[in-house]
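In listed order, ligands and their atoms are each counted from 1. For clarity, every value in this text was computed on a predicted model and none was experimentally measured.
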Amino acid sequence: MTEILIIKCLNDNYAYIYLNDKKEAFVVDPSEAGPVIDTLEKNDLQLKYILNTHHHFDHIGGNFELKEKYNCKIVGSKKDRDRIPGIDIEISDGDYWSFKEHTAQIIEIPGHTSGHIAFFFKSLNAVFTGDTLFSLGCGRLFEGTPTMMWNSLKKLRALPDQTKIYCGHEYTLSNGKFINSIYPSEDMRLKIESLVELNEKNLPSIPSTIADEKKMNIFLKADDISLIKNLGLQGKSPEEVFGYIRELKDNF
Ligand code: ZN
Ligand code: FE
């Protein structure tokens, strides 16, 4: 059985725990240890690995405490070997990292940070995208250019349609409101209604899927002719269109 648990951390972060039927687990982006430990203990799990998508505090904040308590190993980008606390296993683009029968393909997706990576588990039908691809959005460009981020998002967009997206934050509703403000549609209006309902029940909007994001996420559509026309950006390159949308979002 495949199980990925969604753990709320800090204000709007998610950590994710994968567990197998032997009760062995890995956690992705533990921003804080407390809620992760609670879930591990409640389910009687042994934590074997921590996977970090990038070095920001709200993704690695629980590293040391969890490593000390469970003696687990920490997996992160070789490019961030000096920025990921406690890193044991350094990985790069195109590498494979395995947890028992499941193997992740490592995809470097710079833009939000220069060393950002995604973990794509084909056999789990899941990709952990950190702060690069959100549901209906993408991360801010702290350490990269629009071109870098657009290329990274295209790599994620090329994953199989049914792949479930586990991202770093619950930003979906505000992302949807942004999209609706610059490119309104009936589909987005209905999506926002359903997101408001989830929000009221305090339920996560995660996971999304690659298919849904290709349909709804404006940041994956910077090469979409009808969007470009609608924004009055005819003749601009996808990189320029992406940069324009990203800047609008920064000021939303
Ligand atoms: Zn971040
Ligand atoms: Fe973050």
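- Note on Asp88 versus Lys67: salt bridge recorded, some NZ/NE/NH1/NH2 to OD/OE distance being below 4.0 Å.
- With a 4.5 Å cut-off on side-chain heavy atoms, Lys48 and Phe99 count as touching.
- Taking the charged nitrogens against the carboxylate oxygens, Glu143 and Lys79 have no contact shorter than 4.0 Å, which rules out a salt bridge.
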Practice item. Kindly indicate, with the supporting measurements, whether the criterion side-chain hydrogen bond (donor to acceptor under 3.5 Å, both in side chains) is fulfilled by Asp58 and His169. Key: CA-CA 10 Å; Asp58 59 317; His169 291 266; 2.9 Å; yes
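- With a cut-off of 2.8 Å, the protein N/O/S atoms near the Fe ion (ligand 2) add up to 4.
- Heavy-atom neighbours of Lys154 NZ from other residues, nucleotides or ligands within 6.0 Å: above the threshold of 12.
- Under the 4.5 Å side-chain contact rule for hydrophobic residues, Ile17 and Leu10 do not share a cluster.
- By the 4.0 Å N-to-carboxylate-O rule, Arg157 lies close enough to Asp223 to be salt-bridged with it.
- Ion pair Lys191/Asp187 not flagged as a salt bridge, since none of the NZ, NE, NH1 or NH2 atoms sits closer than 4.0 Å to an Asp/Glu carboxylate oxygen.
- Listed by chain and number, the protein atoms of type N/O/S under 2.8 Å from the Zn ion (ligand 1) are His54 NE2, His56 ND1, His112 NE2, Asp131 OD2; waters are omitted.
- In summary, the aromatic rings of Phe128 and Tyr18 are positioned with their centroids too far apart to meet the 6.0 Å limit.
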